[in-house]
Amino acid sequence: LSQAGQEPFTAVSLMSPTSASRLALPPSRCFPAAHSRPCARPGFPRTLGQAQALDGICQLDLVISLNIPFETLKDRLSARWVHPASGRVYNMDFNPPHSQGVDDLTGEPLVQRDEDRPEAVAARLRKYKDAAKPVIELYKSRGILHSFSGTETNKIWPYVYSLLSSRIPPILSEEEH
């Protein structure tokens, strides 16, 4: 599964919204919203226990793994700063505030959460990699894992979109029904 030092860190599972609700996952994490459509759960399941629980209520047709280099993930996550009062998140590399270190709307100081500091991010990614490895292997053995590698969303997304478009019928608006 690894290519050029890349490790799988993110998976997207497709399931029905009914199955998702039986796992007590918040509806806001499920899209599209239509009740009879497939459901995408970014980052779920993350552990073998979650994958086994999911097996008990539905059968996945497709799992996507994004292979992103460890350093890329660490750098992106470590560049996060937040405005505590509102929860607004900034990324100093690709979504920085207008003025360094202050919230765009209030002018109040931004903070970096402890879990977003480089050492904490690195530890979290190592832990996730260890927990996710058996999940990735499980879906690989079932032939439903599709892996994509890269560092930029705009370069990976066309391939992911093509796969999803070939597997999920288009969502029609109410007027088109």
Side-chain angles (χ1 to χ4, degrees), residues 1-15 17 20 23-34 37-47 50 62-133 135-136 145-165 168 170-171 173:
L1 288 175
S2 298
Q3 294 181 3
Q6 297 177 348
E7 302 291 344
F9 283 100
T10 303
V12 174
S13 306
L14 293 179
M15 68 186 90
L23 283 171
L25 298 171
S28 62
R29 294 286 313 256
C30 183
F31 51 88
R37 309 297 282 175
C39 176
R41 291 284 174 180
F44 184 84
R46 293 181 186 204
T47 67
Q50 289 175 342
L62 171 69
V63 175
I64 296 172
S65 176
L66 302 178
N67 300 315
I68 302 168
F70 180 88
E71 285 302 314
T72 300
L73 289 172
K74 184 174 74 88
D75 291 346
R76 285 184 187 171
L77 294 171
S78 298
R80 287 196 303 199
W81 287 71
V82 299
H83 177 247
S86 68
R88 276 186 290 282
V89 177
Y90 295 88
N91 184 290
M92 296 306 161
D93 296 330
F94 59 85
N95 180 35
H98 298 303
S99 298
Q100 183 70 25
V102 296
D103 181 58
D104 289 345
L105 299 180
T106 66
E108 296 171 343
L110 300 175
V111 298
Q112 187 175 43
R113 298 177 300 193
D114 289 341
E115 68 257 26
D116 290 337
R117 297 189 189 283
E119 319 76 48
V121 168
R124 194 166 76 236
L125 290 173
R126 281 190 294 274
K127 183 178 177 182
Y128 176 75
K129 177 186 159 202
D130 292 342
K133 185 174 181 172
V135 176
I136 296 293
L145 179 70
H146 299 265
S147 295
F148 299 92
S149 299
T151 59
E152 299 176 40
T153 302
N154 63 342
K155 292 184 180 177
I156 298 173
W157 176 245
Y159 299 104
V160 173
Y161 181 81
S162 178
L163 172 67
L164 292 173
S165 296
I168 301 172
I171 299 171
S173 68

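Source: prediction; values computed, not measured. These values consider heavy atoms only, across backbone and side chains, with no hydrogens, waters or symmetry-generated copies.
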Holding to ring-ring contact (aromatic ring centres under 6.0 Å, His included), I want the full list of residues that pass it with Tyr161, two or more places apart in sequence or in another chain. Trp157
Given Leu110, which of Met92, Arg80, Gln100 fulfils the side-chain contact (heavy atoms from CB on, under 4.5 Å) condition? Met92
Any side-chain heavy-atom pair of Leu73 and Val121 under 4.5 Å: no
Less than 4.0 Å between a side-chain N and a carboxylate O, is that true for Lys127 and Asp130? no
Side chain proximity check, Leu145 to Ile64, heavy atoms < 4.5 angstrom: no
Determine, step by step, whether Asp75 and Thr72 satisfy the side chain to side chain donor-acceptor pair (under 3.5 Å) criterion, reporting the C-alpha distance in whole Å, the side-chain angles of both residues, the deciding distance to 0.1 Å, and the verdict. CA-CA 5 Å; Asp75 291 346; Thr72 300; over 6 Å; no
Check for a donor-acceptor pair, side chain of Gln112 on one end and backbone N or O of Asp116 on the other, with a separation under 3.5 Å. yes
Salt bridge or not between Arg113 and Glu115? Use side-chain N to carboxylate O under 4.0 Å. yes
Lys/Arg N to Asp/Glu carboxylate O, Arg76 vs Asp93, below 4.0 Å: no
Calculate, to the nearest 0.5 Å, the distance between atoms CZ and CD belonging to Phe44 and Gln50 respectively. 4.5 Å
Does Glu108 have any salt bridge (Lys or Arg N to Asp or Glu O under 4.0 Å) partners at least two apart in sequence or in another chain, and if so, which? none
Beyond-backbone contact of Asn67 with Ser147, side-chain heavy atoms, under 4.5 angstrom: yes
Is there a side-chain contact between Val135 and Val63 in this structure, where contact means two heavy atoms from C-beta onward sitting under 4.5 Å apart? no
Min side-chain heavy-atom separation Thr106-Arg88 under 4.5 Å: yes
Hey, does Leu125 have a side-chain heavy atom less than 4.5 Å from the side chain of Leu77? yes
Does any part of the side chain of Tyr90, heavy atoms only, come nearer than 4.5 Å to the side chain of Pro96, both counted from C-beta? no
